[in-house]
*Asks:* 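Starting off with a structure, shown below.
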Amino acid sequence: WKTVELMGDIPSRRVAYSITAVGGHIVVFGGADLSPSARWPVLNDTFLLNCLTGVWTREASDAVRPQPRFAHAAVELSERRILVHGGSDCLDDLHKSVMTSPSL
């Protein structure tokens, strides 16, 4: 084991998010924000960690992605596609969505 210094646009503190390994990246999607000022909003932002460089990047805000949700599951379908299934948006249970990442 060794400590790795991470850089870039690091995700906010959150709970009930998904992490998916895709190629040389770790993809973090959604969850509920734990920032004191946020009051637990449900998120649908996407962050990618390049495992070789240790640099985080945030997916462009205009990228097509699933509805905000927490407590969901995600799995890699192909090199650029992730299936996000289930979860909740605090109002309703959600079903599956497929996310294509232009950054991968």
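Predicted model, so just to flag it, every value in this text is computed and none were measured. Starting from 1, each residue takes its place in the sequence as its number. In what follows, every heavy atom counts, from backbone to side chain, and hydrogens, waters and symmetry copies are set aside.
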*Asks:* Report the residue from Val75, Leu77, Val27 that forms a side-chain contact (heavy atoms from CB on, under 4.5 Å) with Ile82.
*Replies:* Val27

*Asks:* Suppose we screen for side chain to side chain donor-acceptor pair (under 3.5 Å). Which residues come up paired with Asp45, at least two apart in sequence or across chains?
*Replies:*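 Arg14.
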
*Asks:* Please tell me whether Leu48 and Val4 are part of a single hydrophobic cluster in this structure, the criterion being side-chain heavy atoms less than 4.5 Å apart.
*Replies:* no

*Asks:* If you look at every heavy atom in Ser12 and Leu43, which pair is closest and at what distance?
*Replies:*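 Minimum heavy-atom separation between Ser12 and Leu43: OG-CD1, 4.4 Å.
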
*Asks:* CZ/Phe29 to NE2/His72 distance, rounded to the nearest 0.5 angstrom?
*Replies:*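 The CZ atom of Phe29 sits 5.5 Å away from the NE2 atom of His72.
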
*Asks:* Decide whether Val55 and Val28 are clustered together by the hydrophobic rule: side chain heavy atoms of Ile, Leu, Val, Met, Phe, Trp, Tyr closer than 4.5 Å, transitively.
*Replies:*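 The answer is no; the residues belong to distinct hydrophobic clusters.
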
*Asks:* Measuring from Asn50:CG to Trp56:CH2, what's the distance to the nearest 0.5 Å?
*Replies:*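 Result: 11.0 Å between the selected atoms.
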
*Asks:* How many angstroms lie between CZ in Arg69 and OG in Ser18, if you round to the nearest 0.5 Å?
*Replies:*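 Arg69 atom CZ to Ser18 atom OG measures 9.0 Å (nearest 0.5 Å).
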
*Asks:* In Å and rounded to the nearest 0.5 Å, what is the NE2 to OG1 distance from His25 to Thr53?
*Replies:* 7.0 Å

*Asks:* Would you say the side-chain atoms of Asn44 pair up with the backbone N or O of Pro66, donor to acceptor, closer than 3.5 Å?
*Replies:*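 Checked: pair present.
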
*Asks:* For residues Ala74 and Thr20, report the shortest heavy-atom separation together with the two atoms involved.
*Replies:*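 Heavy atoms only, the tightest pair is CB-OG1, 3.3 Å.
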
*Asks:* How long is the straight-line distance from CZ of Phe47 back to CG of Leu49, given to the nearest 0.5 Å?
*Replies:*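 These two atoms lie 12.0 Å from each other.
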
*Asks:* Measure the spacing between CD1 of Ile19 and CD1 of Ile26 and express it to the nearest 0.5 Å.
*Replies:*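 With rounding to 0.5 Å, CD1 (Ile19) is 7.0 Å from CD1 (Ile26).
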
